[in-house]
Number of protein chains: 2
Amino acid sequence: MEASEKTFYDKLIENYHTELSHSGVSGERLASRLYKLSEIGYTESGGVNRPGYSFKEKQAKELVIGWMKNAGLTISIDGAGNVFGKLEGKGEKPSIVSGSHVDSVPNGGHFDGPLGVLAALEVVEAWREQGYTPEKPYEVVIFSDEEGSRFKAGLTGSRAYMGKIDIEELKGLRDENGKPFEQVITEYGSSVAHYLDARNNPREIDTFVEVHIEQGKVLEREDRPVGIVSGIAGPAWLEVTFVGEAGHAGNTPMKGRRDPLVASALFIKAVKEFPQQVSDTAVATVGKLNVYPNGVNVIAQEVQMIVDIRDIHQETRDRLVDLIFAEAEKIAAAADMEVKLVCNTKITPLPIQQNLQDKLAKALAKFEIEPTYIPSGAGHDAMILGGGGISAAMLFVRSKDGISHNPKEWTSLNDCVAVVHVLKAFIEDVMVD
Amino acid sequence: MEASEKTFYDKLIENYHTELSHSGVSGERLASRLYKLSEIGYTESGGVNRPGYSFKEKQAKELVIGWMKNAGLTISIDGAGNVFGKLEGKGEKPSIVSGSHVDSVPNGGHFDGPLGVLAALEVVEAWREQGYTPEKPYEVVIFSDEEGSRFKAGLTGSRAYMGKIDIEELKGLRDENGKPFEQVITEYGSSVAHYLDARNNPREIDTFVEVHIEQGKVLEREDRPVGIVSGIAGPAWLEVTFVGEAGHAGNTPMKGRRDPLVASALFIKAVKEFPQQVSDTAVATVGKLNVYPNGVNVIAQEVQMIVDIRDIHQETRDRLVDLIFAEAEKIAAAADMEVKLVCNTKITPLPIQQNLQDKLAKALAKFEIEPTYIPSGAGHDAMILGGGGISAAMLFVRSKDGISHNPKEWTSLNDCVAVVHVLKAFIEDVMVD
């Protein structure tokens with residue numbers, strides 16, 4: 001790195017309003033920890049690579065575990081690699097839990113996940129400085145493999161924790177190099193059996209609250225640092241494989257070709273048009289596409305894609321899935337081609353309970369922040385816990401230009417610290433419920 | 001191999017019409033030699049792996065050199081590893097040359113290349129049995145590294161021979177493992193200096209004729225064993241990269257997205273429609289496409305494709321390149337996106353001289369085969385020699401289902417022997433010109 005080049009830490013701290021560090025919350029500590037996490041899997045373009053169940057994800061967890069221990073938390077790790085750092089409360093009651101994840105998409109950003117974990121931990125640090133002992137136990141959690149970009153099956157850590165993943169699904173998972181999940185999880189230091197055990201460890205949770213960057217532009221537009229999530233759009237992931245007929249690119253006349261990449265092109269074009277037919281909030285994206293054999297002078301034999309389909313209302317989301325499913329079959333039939341359609345992931349959208357949204361608004365009011373209610377387009381671990389019947393809430397933090405899953409992902413340290421204060425006030429409120 | 005399983009040899013010989021073995025030509029010998037070559041680099045799925053300048057390609061050449069020597073040919077090998085087996089003629093005249101290559105694509109077939117070499121050698125064997133001495137010298141050639149799949153630069157052996165390759169290009173070549181060409185060619189037993197020397201050895205060639213499988217379905221449809229190549233389509237390889245804006249697939253509204261995979265879909269759809277606008281023989285194919293970062297829930301940042309564009313007429317091929325180039329720019333402009341366009345490879349198409357096509361038709365007539373004139377979509381060593389001013393002709397042999405570059409590649413032994421007879425008649429005709 002050139003002497004003149006600013007580090008991620010320098011950029012975080014340079015416009016920080018130091019008066020925001022109060023009530024035991026330290027913006028400087030939070031910046032330093034965000035920076036230290038960013039170094040694990042740091043990419044040339046300034047982003048981060050920490051796939052689920054990779055060595056880098058494990059390293060990141062171990063770094064946070066060290067901080068948790070220093071803060072006096074008792075560590076437990078389940079078979080899915082989910083990490084819990086527990087602070088005992090005054091009584092034997094269900095825990096308040098907060099946290100997020102530390103894995104990333106390929107070349108992702110430094111806030112998506114880490115901020116939720118470090119904000120939850122900063123609350124403990126603040127309490128230590130203030131000499132505060134909570135009424136109920138409090139736990140900081142790191143869920144494994146939230147992004148799911150490695151195995152094309154997201155939220156596996158929180159799903160394992162809620163018993164929403166079974167051995168059949170695990171058996172089917174392979175990473176991009178064809179390595180089976182079983183081998184990956186064994187090399188990670190667990191096993192499929194231990195993995196499934198995570199669900200046999202039902203903890204009593206009073207309330208779960210997750211802090212996350214917005215990954216959209218609503219708060220930026222409203223000029224507010226923190227907002228309240230009103231509902232979470234559950235994603236459906238549809239794997240679409242067109243199987244055509246390979247051939248020599250030079251010797252196969254255009255007429256009569258059964259080229260699956262041409263079929264895929266028609267499909268991608270159609271997918272873009274469907275969301276507006278079902279709702280204003282629906283989205284559908286092909287972000288992952290692989291061609292086989294992928295040779296310059298070979299007409300493709302097979303093209304595999306995954307369509308990411310979302311809406312915050314289950315009815316419209318499912319209608320969109322059906323439309324896209326039917327379109328793939330229509331294109332395949334017209335092109336005299338086989339199409340394989342598999343829906344790997346289909347997560348129920350989650351509305352957030354009104355009483356939790358009200359309590360979040362009360363915490364915001366303490367810092368004179370007007371409440372903004374935002375539907376989340378992205379799935380989050382909070383959605384899995386909420387879908388399993390746990391009281392789950394979410395806070396969004398302003399995200400520059402709405403960019404995420406990208407090295408350019410950015411949230412100012414001022415906003416990061418603002419959300420820690422709001423989170424702390426919310427938890428202290430729920431503690432005395 | 002299971003006792004019950006048929007070998008490649010068994011499959012070749014089982015439906016052979018033995019009466020085709022006449023005039024010194026032996027189908028049994030040809031089958032045995034195709035079989036022995038198939039064993040060098042034989043793959044699990046029944047194909048073959050003999051990359052250019054690999055140990056396997058060298059082994060294959062050495063096997064053929066042994067047969068050449070037994071047939072009384074004098075061997076010379078140039079710095080590019082091209083093998084020449086020379087039979088002296090009655091006088092000191094330029095040679096008639098025939099042959100092809102013995103390298104293969106990964107998991108390729110057993111006819112693409114080897115049949116051209118062994119057919120040329122079978123002509124010598126037939127002459128020996130008949131006690132025929134040619135008027136002019138005759139040479140059987142094995143060109144190195146025709147397929148080019150190892151260094152992504154095909155026809156390097158014949159290009160070196162014609163002085164169409166320079167030190168700059170050789171310096172830039174690396175195989176898939178990053179090994180520089182210089183190291184590969186040194187390990188092969190030559191050197192870059194010797195390689196470039198191949199061009200300092202200009203042989204006088206009267207006529208070059210290459211036998212090759214069709215790699216298309218024209219002869220199969222016409223029910224003819226052998227056909228005449230009317231011209232060879234030179235490929236242009238256009239690298240197209242759309243650069244858009246990455247984002248979270250869930251939190252980025254459909255409106256305002258700059259998704260390079262959607263742009264690529266429009267482009268691929270358009271590419272398919274252009275060839276018919278320029279000629280009946282033009283083709284354009286996107287067979288290689290890579291998405292970055294290729295994550296399930298990430299709108300792509302960048303999509304890179306290569307378009308393979310061919311026609312046998314340079315004017316229409318270049319017009320097609322221009323049309324596709326312009327379309328890429330148009331799509332990028334409409335989508336507010338950057339597009340990078342690079343034309344890496346642009347090889348001049350080769351029309352085959354009319355007098356050579358007429359002589360091939362005369363040779364076919366001797367065996368009562370109606371002439372079929374076929375444009376070759378694939379590049380061949382004959383194209384390089386012809387492009388350098390040598391009289392070059394090509395015979396195509398019927399290829400089952402038009403499949404090549406694949407373990408399923410198949411030409412019946414009857415058709416292999418038919419083409420040897422035609423080749424022999426053509427060469428004997430050219431000998432007395």
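Remember, predicted model here, so these are calculated numbers, not experimental data. Protein chains get the first letters and strands the later ones, always in sequence-line order, with residue 1 at the start of each.
Comparing Val303(A), Val298(A), Val296(A) by how many heavy-atom pairs each has under 4.5 Å with chain B, the most go to Val296(A). Of the listed residues (Gly287(A), Pro275(A), Ala282(A)), the one with the most heavy-atom contacts under 4.5 Å to chain B is Gly287(A). With chain B as partner, the option from Met305(A), Arg257(A), Glu245(A) having the largest number of non-hydrogen pairs under 4.5 angstrom is Arg257(A). Note: Gly295(A) leads Gly295(A), Gly216(A), Pro106(A), Ala300(A) in heavy-atom pairs under 4.5 Å with chain B. The most heavy-atom pairs under 4.5 Å with chain A, out of Gln276(B), Arg310(B), Lys217(B), come from Arg310(B). Interface summary for chain B: among Leu266(A), Leu289(A), Thr281(A), the most heavy-atom pairs under 4.5 angstrom belong to Leu289(A). Of the residues considered (Asn297(B), Val286(B), Ile374(B), Asp308(B)), Asn297(B) shows the highest number of contacts with chain A, using heavy-atom pairs under 4.5 Å. When Ile306(A), Ile268(A), Asp401(A), Val105(A) are compared by the number of non-hydrogen pairs under 4.5 Å with chain B, Ile268(A) comes out ahead.
In summary, the side chains of Thr316(B) and Asp311(B) do present a donor paired with an acceptor at a separation below 3.5 Å, with no hydrogens or angles considered. If you check the side chains of Asn294(B) and Asn290(A), you find a donor sitting under 3.5 Å from an acceptor.
Of the atoms belonging to Asp259(B), it is side-chain heavy atoms, and not backbone ones, that fall under 4.5 Å from chain A. Only the backbone of Pro253(B) comes within contact range of chain A, judged by heavy atoms closer than 4.5 Å. Proximity to chain B (any heavy atom under 4.5 Å) is shown, for Ala249(A), by both the backbone and the side chain. Proximity to chain A is absent for every atom of Ala233(B), based on heavy atoms less than 4.5 angstrom apart. Contact of Thr252(A) with chain B is made through the backbone alone, with heavy-atom distances under 4.5 Å. With a 4.5 Å cut-off on non-hydrogen atoms, His405(B) touches chain A through its side chain but not through its backbone.
With a 4.5 Å cut-off on side-chain heavy atoms, His380(A) and Gln215(A) count as touching. Contact annotation: the side chain of Tyr42(A) approaches that of His110(A) to within less than 4.5 Å [non-hydrogen atoms, C-beta and beyond]. A 4.5 Å side-chain heavy-atom check between Phe396(A) and Thr372(A) finds every atom pair outside the cut-off.
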Mind running side chain to side chain contact (heavy atoms under 4.5 Å, CB included) on Val262(B) and Lys269(A) for me, showing each step along the way?
-> CA-CA 6 Å; Val262(B) 170; Lys269(A) 183 173 175 289; over 6 Å; no
For the pair Thr43(B) and Asn49(B), evaluate side-chain hydrogen bond (donor to acceptor under 3.5 Å, both in side chains) and give the outcome as yes or no after the intermediate values.
-> CA-CA 7 Å; Thr43(B) 65; Asn49(B) 266 337; 6.0 Å; no
Stepwise side-chain hydrogen bond (donor to acceptor under 3.5 Å, both in side chains) check, Ser45(B) with Asn107(B) | CA-CA 8 Å; Ser45(B) 47; Asn107(B) 204 22; 2.9 Å; yes
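Ion pairing between a basic and an acidic side chain is recognised when a charged N comes within 4.0 Å of a carboxylate O; Arg50(A) and Asp103(A) show no such pairing.
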